[in-house]
Amino acid sequence: MQEFEKVVEYIKTESEKECREIAVKANEECAKIISVYSQKEQDAYWACVQEGSKDIEKRIEKLSNLAIEQAEKMVTGMQQDALDDVLALTARKLSSLPSRKYDELLKRLGVEQGCKPEYLVEHYREELAPSVISALFDQTRVE
């Protein structure tokens with residue numbers, strides 16, 4: 001029986017040895033699989049981060065364009081308001097001028113801009129008062 005026990009002991013020892021080798025190989029394979037999937041996990045994570053960054057950049061660009069558009073609208077509105085105020089003030093000042101000074105002012109502005117009286121009358125006849133038209137053709141010097 002001793003021989004049988006030796007054979008059983010040998011089989012047991014060899015089985016344990018094989019099991020340890022199988023366990024080592026299995027652990028090595030598991031480590032490789034874990035490494036591959038860890039890398040895939042990292043790649044997927046960074047792909048999500050990159051996609052999120054692109055989405056954020058697009059949203060920032062949209063918001064920036066919207067802000068620029070709104071700012072331009074506000075500036076245009078403020079410019080229009082300022083122009084309206086200037087025109088209203090100009091109209092008040094011009095309407096308070098005596099007729100003769102008003103006519104002389106229009107003549108002087110036309111001459112300073114290099115406009116000939118004929119041109120002004122031809123293009124603005126409906127807008128010009130008769131007294132302005134006479135002032136334009138008046139040969140006296142305007143100060």
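To the nearest 0.5 Å, atoms CD (Glu72) and CD (Gln79) are separated by 10.5 Å. Considering CD of Gln39 and CD of Gln42, their distance stands at 7.0 Å, rounded to 0.5 Å. To the nearest 0.5 Å, the span separating CG on Asp81 from CG on Asp85 amounts to 6.5 Å. For the atom pair Leu87 CG and Gln80 CD, the distance stands at 8.5 Å (nearest 0.5 Å). Here the CG-NZ distance, from Asn27 to Lys25, works out to 13.0 Å after rounding to the nearest 0.5 Å.
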Can you give each donor-acceptor pair under 3.5 Å made by side-chain atoms of residues 59-68, sequence neighbours left out, with the distance rounded to 0.1 Å?
unit_1	atom_1	unit_2	atom_2	d
Arg59	NE	Asp55	OD2	3.4
Arg59	NH2	Asp55	OD2	3.3
Asn65	ND2	Glu61	O	3.4

Solution key, residues 9-20 side-chain donor-acceptor pairs under 3.5 Å, sequence neighbours excluded:
unit_1	atom_1	unit_2	atom_2	d
Thr13	OG1	Glu9	O	2.7
Ser15	OG	Ile11	O	2.8

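A salt bridge between Lys32 and Glu28 is absent, with no side-chain N of the basic residue lying under 4.0 Å from a carboxylate O of the acidic one.
With hydrogens and angles ignored, the 3.5 Å screen pairs no side-chain donor or acceptor of Ser35 with any backbone N or O of Ala31.
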